[in-house]
Student: 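Below is one structure. I have some questions about it.
Residue numbers start at 1 and run along the sequence shown.
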Amino acid sequence: MKKSIFVLLMIVNLKAMSQAVVSGEYYFRKMEMVAAFNFSADGKFQFFFSYGAVDRNATGTFMVKGDTLKLKSDKVAGKDFTIANQAKAGTGYTLKFDHPNKYLLKHIRCIFFIGDKQKEEYTDSEGKVYIDNPRCDSIYVQHSLYPDILTLVKDQKNDNNTFKLSLNPSLEQVSFKGIDFKIESDKKITCIPNYFLEMSGIAFVKQ
């Protein structure tokens with residue numbers, strides 16, 4: 001019995017020793033861009049990102065599985081836009097966005113799925129997109145300056161073709177949904193290019 005307990009404790013200790021430890025501040029810099037994590041001992045993280053006029057942030061929790069670091073942001077993914085109004089009127093499909101900062105209106109990516117085909121358009125300076133298609137199965141939107149998980153505007157059950165949307169404050173936050181990091185060592189974590197960080201060579205180094 002004592003031997004079994006000893007073996008069990010050895011297995012538990014070996015598993016704990018093999019589990020990587022992530023704590024402290026990690027930075028990634030490239031040209032004019034800087035991003036950083038702060039991982040605390042209680043399993044929480046803070047994140048900030050700055051590139052030109054774009055600043056982003058995130059808070060949440062993290063967990064380590066082997067050499068994989070998984071983040072769970074407080075942000076709810078896929079909710080960066082709110083549909084203020086929708087209707088069935090005229091032909092084609094129209095999306096109109098509204099926000100006090102007009103600069104943000106011309107950087108919105110609109111993705112139209114028509115059968116097995118995909119069509120992408122970007123809003124004009126007034127925050128408007130129109131496609132002259134008689135049918136569209138689904139529509140998703142994403143801000144190109146604040147990329148994150150796509151927001152669903154229309155699914156196959158929705159017959160409306162005119163949508164008015166507003167931009168939510170959550171745009172500035174990052175969900176990290178579907179983005180895992182690899183723990184290369186006790187001082188470096190990496191990830192592959194993704195919807196948020198599209199460049200290669202992404203490596204956060206502990207300071």
Student: When rounded to the nearest 0.5 angstrom, what is the spacing between CD in Gln173 and OG in Ser73?
Tutor: 6.5 Å
Student: Within a strict 4.5 Å, meaning less than it, do heavy atoms of the Tyr27 and Val34 side chains meet?
Tutor: yes
Student: Checking the side chain of Glu198 only, and the main-chain atoms of Phe196 only, is there a donor and an acceptor separated by less than 3.5 Å?
Tutor: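 No, Glu198 side chain to Phe196 backbone: no donor-acceptor pair under 3.5 Å.
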Student: Applying side chain to side chain donor-acceptor pair (under 3.5 Å) between Lys75 and each of Asp80, Asn57, Thr59, report the one that passes.
Tutor: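 Looking at Asp80, Asn57, Thr59, the match for Lys75 under the side chain to side chain donor-acceptor pair (under 3.5 Å) is Asp80.
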Student: If I compare all heavy atoms of Val54 with all of Arg56, which pair ends up nearest, and what's the gap?
Tutor: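 Here Val54 and Arg56 meet closest at CG1-CG, 3.9 Å.
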Student: What is the distance from atom SG of Cys136 to atom CD1 of Ile114, rounded to the nearest 0.5 Å?
Tutor: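 One gets 5.0 Å once the value is rounded to the nearest 0.5 Å.
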Student: Please say yes or no: joined through hydrophobic side-chain contacts below 4.5 Å, possibly via intermediate residues, are Phe97 and Ile83 part of one cluster?
Tutor: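 Same hydrophobic cluster.
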Student: Decide if atom CD of Glu32 counts as having more than 12 heavy atoms of other residues, nucleotides or ligands within a radius under 6.0 Å.
Tutor: no
Student: If you apply the rule side chain to side chain contact (heavy atoms under 4.5 Å, CB included), what do you find for Val129 with Thr123, and how did you get there?
Tutor: CA-CA 5 Å; Val129 159; Thr123 49; 3.7 Å; yes
Student: To check you understand the geometry: which heavy-atom pair defines the closest contact between Gln142 and Tyr195, and what is its length?
Tutor: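 Distance-wise, the nearest heavy atoms are NE2-CB, 4.4 Å.
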Student: With a 3.5 Å distance limit and no angle check, can you tell me whether Ser23 reaches the backbone of Phe39 through a side-chain donor-acceptor pair?
Tutor: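 A pair under 3.5 Å: no.
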Student: What I'd like to find out is whether the side chain of Phe163 reaches to under 4.5 Å of the side chain of Ile139, using heavy atoms alone.
Tutor: yes
Student: Indicate yes or no: does Asp159 engage Lys88 in a salt bridge with an N to O separation below 4.0 Å.
Tutor: no
Student: Determine whether the side chains of Gln86 and Asn158 contain a donor N or O and an acceptor N or O closer than 3.5 Å.
Tutor: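 Distance-only check passes for Gln86 and Asn158.
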Student: For the backbone of Gly127 and the side chain of Asp124, can you confirm whether one donor and one acceptor N or O come within less than 3.5 Å of each other?
Tutor: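 Yes; at least one donor-acceptor contact below 3.5 Å.
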Student: Please round to the nearest 0.5 Å and tell me the distance separating atom CZ of Phe112 and atom CD of Gln118.
Tutor: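 Going from CZ on Phe112 over to CD on Gln118, the span is 11.0 Å.
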Student: Any side-chain heavy atom of His143 sitting closer than 4.5 Å to one from Arg109?
Tutor: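 In short, these two side chains do not touch, never coming nearer than 4.5 Å.
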Student: Would you check if Ile111 and Val141 make a side-chain contact, meaning some heavy-atom pair closer than 4.5 Å?
Tutor: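 Contact flag for Ile111/Val141 side chains = no.
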Student: Would you name the heavy atoms of Leu104 and Ile108 that are closest together and state the gap between them?
Tutor: O-CG1, 3.8 Å
Student: Verify whether the ring centers belonging to Phe113 and Tyr140 lie closer than 6.0 Å.
Tutor: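 Yes, the ring of Phe113 comes within the 6.0 Å limit of the ring of Tyr140, centre to centre.
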Student: Any chance the side chains of Asp55 and Ser50 put a donor and an acceptor closer than 3.5 Å?
Tutor: yes
Student: Drop me the distance from Thr94's OG1 to Asn160's CG, to the nearest 0.5 angstrom.
Tutor: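 These two atoms lie 12.0 Å from each other.
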Student: Let me check something: do Ile189 and Met199 share a hydrophobic cluster, defined by ILVMFWY side-chain heavy atoms less than 4.5 Å apart, either directly or through other members?
Tutor: yes
Student: Would Val21 end up clustered with Met63 when hydrophobic side chains under 4.5 Å apart are linked, directly or stepwise?
Tutor: no
Student: Do side-chain atoms of Ser144 reach the backbone of His107 as a donor and acceptor pair under 3.5 angstrom?
Tutor: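 Yes, because the side chain of Ser144 sits within donor-acceptor range (under 3.5 Å) of the backbone of His107.
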Student: Using a strict threshold of under 4.0 Å (side-chain N to carboxylate O), is an ion pair present between Lys206 and Glu25?
Tutor: no
Student: To the nearest 0.5 Å, what is the distance between OG1 (Thr190) and CZ (Phe181)?
Tutor: 8.5 Å
Student: Are Phe204 and Met33 connected, step by step, through hydrophobic side chains (Ile, Leu, Val, Met, Phe, Trp, Tyr) whose heavy atoms are closer than 4.5 Å?
Tutor: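 Hydrophobic grouping puts Phe204 with Met33.
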Student: Does atom NZ of Lys187 have more than 12 heavy-atom neighbours from other groups under 6.0 Å away?
Tutor: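 No, not enclosed.
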Student: So Ile202 and Phe28, do their side chains get closer than 4.5 Å, heavy atoms only?
Tutor: yes
Student: So does Lys128 pair up with Asp98, basic N to acidic O under 4.0 Å?
Tutor: no
Student: Going by ring pair (Phe, Tyr, Trp, His ring centres under 6.0 Å), Phe37 matches just one of Phe47, Phe62, Phe49, Phe48. Which one?
Tutor: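 For Phe37, the ring pair (Phe, Tyr, Trp, His ring centres under 6.0 Å) test succeeds with only one of Phe47, Phe62, Phe49, Phe48, which is Phe47.
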Student: Under 4.5 Å between side-chain heavy atoms, hopping through other hydrophobics if needed: is there a path connecting Tyr51 to Leu171?
Tutor: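 Yes: a chain of side-chain contacts under 4.5 Å links Tyr51 to Leu171.
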Student: Quick one, Thr82 with Asn168, criterion side-chain hydrogen bond (donor to acceptor under 3.5 Å, both in side chains). Give me CA distance, side-chain angles, the key distance, then yes/no.
Tutor: CA-CA 7 Å; Thr82 295; Asn168 296 332; 3.0 Å; yes
Student: Measure from the side-chain N and O atoms of Asn161 to the backbone N and O of Gly92, and report whether any donor-acceptor pair falls under 3.5 Å.
Tutor: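 A pair under 3.5 Å: yes.
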Student: Considering non-hydrogen atoms only, spot the tightest contact between Lys79 and Ser170 and give its length.
Tutor: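 Heavy-atom minimum between the residues: O-OG, 3.4 Å.
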Student: Evaluate Leu165 against Leu95 for side chain to side chain contact (heavy atoms under 4.5 Å, CB included), listing each step before the verdict.
Tutor: CA-CA 7 Å; Leu165 303 99; Leu95 276 69; 4.2 Å; yes
Student: Step through the shown structure and confirm whether more than 12 heavy atoms of other residues, nucleotides or ligands are within 6.0 Å of NZ on Lys96.
Tutor: yes
Student: Can you check side chain to side chain contact (heavy atoms under 4.5 Å, CB included) on Tyr93 and Lys154, steps first, answer last?
Tutor: CA-CA 11 Å; Tyr93 289 84; Lys154 167 191 151 36; 3.9 Å; yes
Student: Leu71 and Ile179: side chain to side chain contact (heavy atoms under 4.5 Å, CB included), yes or no, with the steps?
Tutor: CA-CA 8 Å; Leu71 306 179; Ile179 303 176; over 6 Å; no
Student: Restricting to non-hydrogen atoms, name the atom on Gly115 and the atom on Asp137 that form the minimum distance, rounded to 0.1 Å.
Tutor: N-OD2, 2.6 Å
Student: Is it the case that more than 12 heavy atoms not belonging to Gln46 sit under 6.0 Å from its CD atom?
Tutor: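 For Gln46, atom CD is not crowded (no more than 12 foreign heavy atoms under 6.0 Å).
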Student: If every non-hydrogen atom of Leu105 is compared with every non-hydrogen atom of Glu126, which pair is closest and at what distance?
Tutor: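 Heavy-atom minimum between the residues: CD1-O, 4.1 Å.
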Student: Strictly distance-based, threshold 3.5 Å: is any side-chain N or O of Asn101 a donor or acceptor partner for the main-chain N or O of Tyr103?
Tutor: yes
